[in-house]
A.B. asks: 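Following this message is one structure expressed as structure tokens.
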Amino acid sequence: MKTQTQIPAANRATGDADARPALARPTTLAGMANTLPPHVWFCVSAVFHYLGPAFAVLLFDQVGVLGMAWLRIATAALIFAPLTRPWRVFADADRAQRLLLLAFGICLAVMNCSFYLALDRLPISLVAAIEFVGTIGVALVGLRSRRNLAALAVAVIGTLLLIDVKWSSDPVGLFWAFLNGALFVGYIVIGHRVAQAGIGIAGLGAAMAIAFLIVLPIGFREALPAFSSPQLLAAAIGVGVCSSVIPYICDQFAMARLPRASFALMLSLLPLTATLIGVIVLHQVPSITDCMGIALVIAGVAFHKPAANA
């Protein structure tokens, strides 16, 4: 349910549409968001969700893991800033919306850092599988049933197959992967609330600015080599656009028109997407056991039944 329109109260009184954040005003992009089916936006997001991070892995040796996370978030924040004017969005928001934006920003910052720390140690297909098991929990909130419990059990078995050889060899990598998975659930829940509150892309821009402030002291030093190499900096910016601009915008467009549990259901495609990108970009060829585990995760998420109003 929308708690507030996109137009701040002062502007509603005066009818001053030009005072609204740029992406909160009617635009060609906004028109496309309402014209195209939400599933189209999700598919675009699915392509870029792991494409950007896969290329980011190739840059870890040059700018460091946290340096790459900093460059990713900084790129997105700088792109969103002139379009959404996050300072105005935050100033015009009420107390509840400010807390929501703060939570969203913190979630984005920590999620991106833990995601890259996991990718530095584990195959992208494994990180993806762990990331999306939590989406079944989102669906279970919408509807508790034997079918959903069975779906959860299937997905957990698939995840155990994937992580079986990693428990002893890389517990640190698994810690970051599970932290990222937990935060991804937070991203779905909070992001859906932002979309349904009517602040959508403008709210995303404000949250990304908050995320940038959080990671500023963490990864800036590792990111410094990028500023002395134009090619490296261009590659890092490209990763930021592919990772945090295109998929997050598409997610907001999809979340605004899809029930939260239905969005979680569609995420069943992403472990497969991650595996294919891992093979193509990183040459991470999964074993037969890995393929079985990935298939079970996908089947578990796809088998669950979302509530009609979740």
Side-chain angles (χ1 to χ4, degrees), residues 6 18-25 27-30 33 44-45 48-60 62-93 98 100-116 183 187 190-191 194-195 199-253:
Q6 294 171 339
D18 291 335
R20 285 179 283 165
L23 288 180
R25 298 196 299 267
T27 62
T28 301
L29 186 59
V44 174
S45 173
F48 285 95
H49 191 89
Y50 285 108
L51 185 61
F55 284 112
V57 172
L58 303 177
L59 302 178
F60 283 170
Q62 300 176 70
V63 295
V65 178
L66 293 178
M68 190 62 247
W70 185 91
L71 287 164
R72 167 181 173 168
I73 294 174
T75 297
L78 291 176
I79 290 175
F80 280 123
L83 298 175
T84 63
R85 289 177 284 183
W87 54 90
R88 172 169 286 178
V89 173
F90 197 77
D92 290 339
R98 288 178 183 175
L100 186 64
L101 292 174
L102 281 171
F104 201 19
I106 293 170
C107 181
L108 287 172
V110 183
M111 181 180 72
N112 280 298
C113 289
S114 60
F115 181 49
Y116 278 179
L183 290 169
Y187 166 75
I190 300 173
V194 169
I199 52 179
I201 305 303
L204 175 61
M208 194 61 70
I210 294 170
F212 172 68
L213 294 176
I214 294 173
V215 301
L216 182 59
I218 298 175
F220 178 70
R221 185 174 181 179
E222 288 190 21
L224 284 176
F227 294 100
S228 60
S229 172
Q231 291 182 337
L232 182 57
L233 183 60
I237 291 174
V239 167
V241 172
C242 291
S243 303
S244 292
V245 178
I246 296 176
Y248 288 170
I249 287 177
C250 292
D251 281 350
Q252 281 296 308
F253 288 157

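From a predicted model like this one, the values you see are computed outputs, not experimental measurements.
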A.B. asks: Under the side-chain contact (heavy atoms from CB on, under 4.5 Å) criterion, do Val63 and Leu71 qualify, and how do the steps go?
C.D. replies: CA-CA 9 Å; Val63 295; Leu71 287 164; 4.2 Å; yes
A.B. asks: With side-chain hydrogen bond (donor to acceptor under 3.5 Å, both in side chains) as the rule and sequence neighbours excluded, what pairs involving residues 215-231 come up?
C.D. replies: none
A.B. asks: To check you understand the geometry: which heavy-atom pair defines the closest contact between Ile210 and Leu101, and what is its length?
C.D. replies: CD1-O, 3.6 Å
A.B. asks: What are the two closest non-hydrogen atoms of Val215 and Ala109, and how far apart are they?
C.D. replies: CG1-CB, 3.8 Å
A.B. asks: For Ser114 and Leu183, which heavy atoms make the closest approach, and how far apart are they?
C.D. replies: OG-CD1, 4.0 Å
A.B. asks: What I'd like to find out is whether the side chain of Phe115 reaches to under 4.5 Å of the side chain of Pro53, using heavy atoms alone.
C.D. replies: yes
A.B. asks: Under the side chain to side chain contact (heavy atoms under 4.5 Å, CB included) test, which residues partner Ile106, sequence neighbours left out?
C.D. replies: Val110, Ile214
A.B. asks: Which distance, rounded to the nearest 0.5 Å, do you find between the CZ of Phe104 and the CD1 of Ile190?
C.D. replies: 7.5 Å
A.B. asks: Kindly give the heavy-atom pair with the smallest separation between Val241 and Pro247, and that separation in Å.
C.D. replies: O-CD, 4.1 Å
A.B. asks: Which pairs count as side-chain hydrogen bond (donor to acceptor under 3.5 Å, both in side chains) when at least one residue sits in residues 66-81, sequence neighbours excluded?
C.D. replies: Arg72-Asn112, Arg72-Tyr116, Arg72-Ser244, Arg72-Tyr248
A.B. asks: What's the spacing between Leu232 CG and Ile237 CD1 if we round to 0.5 Å?
C.D. replies: 10.0 Å
A.B. asks: Roughly how far, to the nearest 0.5 Å, is CD1 of Ile73 from CG of Leu108?
C.D. replies: 7.5 Å
A.B. asks: Please find the pair of heavy atoms, one from Phe90 and one from Arg98, that lie closest to each other, and give the distance.
C.D. replies: O-NE, 3.0 Å
A.B. asks: Among residues at least two apart in sequence or on other chains, which ones pass side-chain hydrogen bond (donor to acceptor under 3.5 Å, both in side chains) with Ser45?
C.D. replies: Asp251
A.B. asks: At what distance, to the nearest 0.5 angstrom, does CG of Leu59 lie from CG of Leu233?
C.D. replies: 11.0 Å
A.B. asks: Determine yes or no for a side-chain-to-main-chain donor-acceptor pair under 3.5 angstrom, with Gln252 supplying the side chain and Gly191 the backbone.
C.D. replies: yes
A.B. asks: Carefully, step by step, assess Phe80 and Ile201 under the rule side-chain contact (heavy atoms from CB on, under 4.5 Å).
C.D. replies: CA-CA 9 Å; Phe80 280 123; Ile201 305 303; 4.2 Å; yes
A.B. asks: Under the rule for side chain to side chain contact (heavy atoms under 4.5 Å, CB included), what residues qualify as partners of Leu58, not counting sequence neighbours?
C.D. replies: Phe55, Val281, Leu282
A.B. asks: Would you confirm whether Arg85, through its side chain, and Gly205, through its main-chain N or O, come within 3.5 Å as a donor-acceptor pair?
C.D. replies: no
A.B. asks: Measuring only between side-chain heavy atoms, which start at C-beta, is Ile246 closer than 4.5 Å to Cys250?
C.D. replies: yes
